[in-house]
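Take a look at the structure below.
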Amino acid sequence: MEENNIYTFDNPEFRETYRHTVSHMLAQAMKRLHPEVKLAIGPAIENGFYYDFDADFPITPEVLEEVEKEMRKIAKEKLKLERFELPRDQAIAYVKEQNEPYKVELIEGLPEDAVISFYKQGEFADLCAGPHLDSTGRVKGNALKLTSATGAYWRGDSSKKMLQRVYGTAFQKKEELDAYLERIEEAKKRDHRRLGKELGLFTFMEEGPGFPFFLPKGMVLKNKLIEYWREAHTKAGYVEINTPIMLNKELWLRSGHWDHYKDNMYTTTIDEKEFALKPMNCPGGMLVYKSMPHSYRDLPLRMGELGLVHRHELSGALHGLMRVRCFTQDDAHIFMMPEQIKDEIKGVVELIDQVYSLFGFQYHIELSTMPEDHMGSDEDWAFATDSLRTALEELGRDFVINEGDGAFYGPKLDFHLEDSIGRTWQCGTIQLDMQMPERFDLEYVGSDGERHRPVMIHRVAFGSIERFIGILTEHYAGAFPTWMAPVQVKVLPITDRTAEYADEIAGKLAALGIRVETDHRSEKVGYKIREAQMEKIPFMVVLGDKEAEAGQVAVRNRAGQDLGAMDFSVFETMILEEIETRRSK
RNA sequence: GCUACUGUGGCUUAAUGGUAAAGCACUUCACUCGUAAUGAAGGGAUUGUGAGUUCGAUUCUCACCAGUAGCUCCA
């Protein structure tokens, strides 16, 4: 409009500057009310900002409220933000004088010749590279909110002191803040933990923290996903195996897990020998490969396994189905000759894309490179990493690089899906592994009659079936497509006179393999519809005297549309077509 | 694991230093009804577990267990 629109939240840089300034106001307000609190850092983040404090009292919701009030006051004071610079040693002296040890540490981490900038607003000045708004008066006091206070390690290092992090968000208009808070509330309604309970999909018990219990309806989801998985993988030329969930220590020593992953493994002693529950499926797969000789003609050998793995995750990391201590990986190990790597990787990327597309998911790919704790030579890592990168480039796929985040045995491509409140979860992964075949001394006989070492890809598409179900639940807000819906049709007789006819229709549907329930309670049809609706059942079949007489069915879908009375055969064709094509809308 | 918080019938919530209230769900009865809640009656909790303070605790304190938010870590 009259002003240049670079000063609106449509401009990400301005949004960041604005929220960064608000985070300084947060620090200023905190210092005014609690001068003894030490300041750490306070950046703008995705949906707001935070500031880390070292306070010797808990920052409770009451404290947040007071601080928030003070922040509004600071906005009203319209304090000018002024930048000033100091040479490094003077800067250190300055923050020492202010008694801010974390700031001292920050500056000491900067180069000798650095010029250090500060921003001053009223009585408060903070170390900062900027940029900032020119005045706290630009900040809309009633459109800012401190949302929570939690712990966070200094410099993200769990061996360092835990500070208290205050999260907040800020907008230019109160309506924008309200809309944002509303969105968060809406997202909570589709939280898979809540829906999982409401819809009777799965549950957790105190007796098994982090170990999900699947209820009959959740089991349908799991089985339908597996059914689809088998179908897609058979078509893509995979075979399937199954290996034990518990194997002896020697195997885990050999695979390297005992040295690199033991902290996360459940171990036990049987007949004075140590065993471990598998945290990954690969070693079992290696043994299967080794159990028979292989020719180059058999390669690539794509060996799938729905493997149940156990990992002792930290208690604080558990999160519904998204982060559990035992889960089913839709794993596969592909053994091949080095020249087959690129094409195989492309094939897997396309298979994963096909799976995610079925559900209409948005996702992004990350390429994770060599971590500090790793096995194998730098050359092997470079070759493997390059194969992954080239495959993606040839497919024209975008990806981001995640430096040093690979598995200890190889680099990987990770596929990340978004949940209902915008958090991303790693699901699919493709890991190139040049160590495991070496460790297990895997071989194939080449066209030259000589023995050669195969290369291996380790990959998952769903990632964890449990996590995938969690994400699907949020994605569909519990209204699963008909092909996987735990109950596909609910038959609702209007009066007892049509009870028998309802049973007949339900019987016909069941005979077609359709998951059907009948509501025989003596309630009004409106009530029965309401319940079926809340259970998010795709189709309701309402049966009254009219339908019974005409031998028809009156169909209603969960979108609230009354599709009217139709012959059973018409409904049958419609629903079967929807199921067979796995239509998601 | 760390920091903070939470824990009341199946679910959602209320209340109090003097042994718990409501709605939904459930059971029964009546009603036999046309596309998002018919009415009535009834059963069901020793307030996560253990210990302490107290004449008395579900309420206060401590420990443990589980969960929530985030950090660290990860599919």
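Values below: every heavy atom of this structure, side chains too, minus hydrogens, waters and symmetry copies. In what follows, chains carry the letters A, B, and so on, assigned in the order in which the sequence lines appear, proteins first and then strands, with residues in each chain numbered from 1.
Ring planes of F214(A) and F202(A): tilted class, angle from 30 to 60°. Ring-plane geometry between Y409(A) and H458(A) is classed as tilted, the angle between the planes lying from 30 to 60 degrees on a 0 to 90 degree scale.
Pairing for A66(B) is with U6(B), a Watson-Crick or G-U wobble pair whose two hydrogen-bonding atom distances lie under 3.5 Å. Within the shown strands, G1(B) is the pairing partner of C71(B) under the Watson-Crick or G-U definition, both distances less than 3.5 Å. Of the nucleotides present, U27(B) is the one that pairs with A41(B) by Watson-Crick or G-U wobble criteria, both distances under 3.5 Å. Remark: U46(B) base-pairs with no nucleotide in the shown strands. Criterion, Watson-Crick or G-U wobble with two distances under 3.5 Å. Nucleotide U61(B) has A51(B) as its partner under the Watson-Crick or G-U criteria, with both atom distances under 3.5 Å. U16(B) is unpaired under the criterion used here, namely a Watson-Crick or G-U wobble arrangement in which both key atom distances are under 3.5 Å. Nucleotide G34(B) forms a pair with no other nucleotide shown, judged by Watson-Crick or G-U wobble geometry with both contacts under 3.5 Å.
By the neighbour-count criterion of 12 heavy atoms within 6.0 Å, atom NZ of K145(A) is sparsely surrounded, having that number or fewer from other residues, nucleotides or ligands. Within a 6.0 Å radius of CD in E36(A), more than 12 heavy atoms belonging to other residues, nucleotides or ligands are found. Shown here is E105(A), whose CD atom has more than 12 heavy atoms of other residues, nucleotides or ligands within 6.0 Å.
At least one donor-acceptor pair closer than 3.5 Å links the side chain of R467(A) to the backbone N or O of M322(A). Remark: the backbone N or O of R155(A) is not paired with any side-chain donor or acceptor of K160(A) at under 3.5 angstrom.
Cation-pi check for R165(A) over Y50(A) is met; the charged atom lies under 6.0 angstrom from the ring centroid and within 45 degrees of its normal.
Checked against A75(B), A36(B), G34(B), the side chain of I494(A) finds its nearest nucleotide in G34(B).
The phosphate of A75(B) (OP1 or OP2) has a side-chain N or O of Q426(A) nearer than 4.0 angstrom. Within the 4.0 Å cut-off from OP1 or OP2 of A75(B), at least one side-chain nitrogen or oxygen of K412(A) is found. The shortest distance between the side-chain N/O atoms of Y527(A) and the OP1/OP2 oxygens of A25(B) is below 4.0 Å.
Y102(A) pairs in a side chain to side chain contact (heavy atoms under 4.5 Å, CB included) with only one of the listed residues (L39(A), D52(A), I41(A), D54(A)), which is D54(A).
Here R521(A) lies in heavy-atom contact (under 4.0 Å) with sugar-phosphate atoms only. Residue contacts shown for A532(A) are absent, as no nucleic acid heavy atom lies under 4.0 Å away. Contact annotation for R497(A): backbone-only contact, meaning every heavy-atom pair under 4.0 Å involves sugar-phosphate atoms and none involves a base.
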Identify each atom pair where a protein N or O and an N or O of nucleotides 66-70 of chain B are less than 3.5 Å apart, giving names and distance.
| unit_1 | atom_1 | unit_2 | atom_2 | d |
| --- | --- | --- | --- | --- |
| U68(B) | OP1 | R193(A) | NH1 | 3.0 |
| A69(B) | OP1 | R193(A) | NH1 | 3.3 |
| A69(B) | OP1 | R193(A) | NH2 | 2.7 |
| A69(B) | OP2 | R193(A) | NH1 | 3.2 |
| G70(B) | OP2 | R423(A) | NH1 | 3.3 |
| G70(B) | O3' | Y167(A) | OH | 3.2 |
| G70(B) | O2' | T150(A) | OG1 | 3.0 |
| G70(B) | O2' | Y167(A) | OH | 3.4 |

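D503(A) and H520(A) form a side-chain donor-acceptor contact under 3.5 Å, judged by distance and modelled atom types alone.
Between R556(A) and E531(A), the residue whose closest nucleotide on RNA chain B is further toward the 5' end is E531(A). Ranked by how close their nearest RNA chain B nucleotide is to the 5' end, L543(A) and S464(A) are led by L543(A).
Taking atom C1' in both U35(B) and G43(B), the straight-line distance is 33 Å, to the nearest Å.
In the region residues 545-552 of chain A, proximity to RNA chain B at under 4.0 angstrom, judged on heavy atoms, holds for D545(A), K546(A), E547(A).
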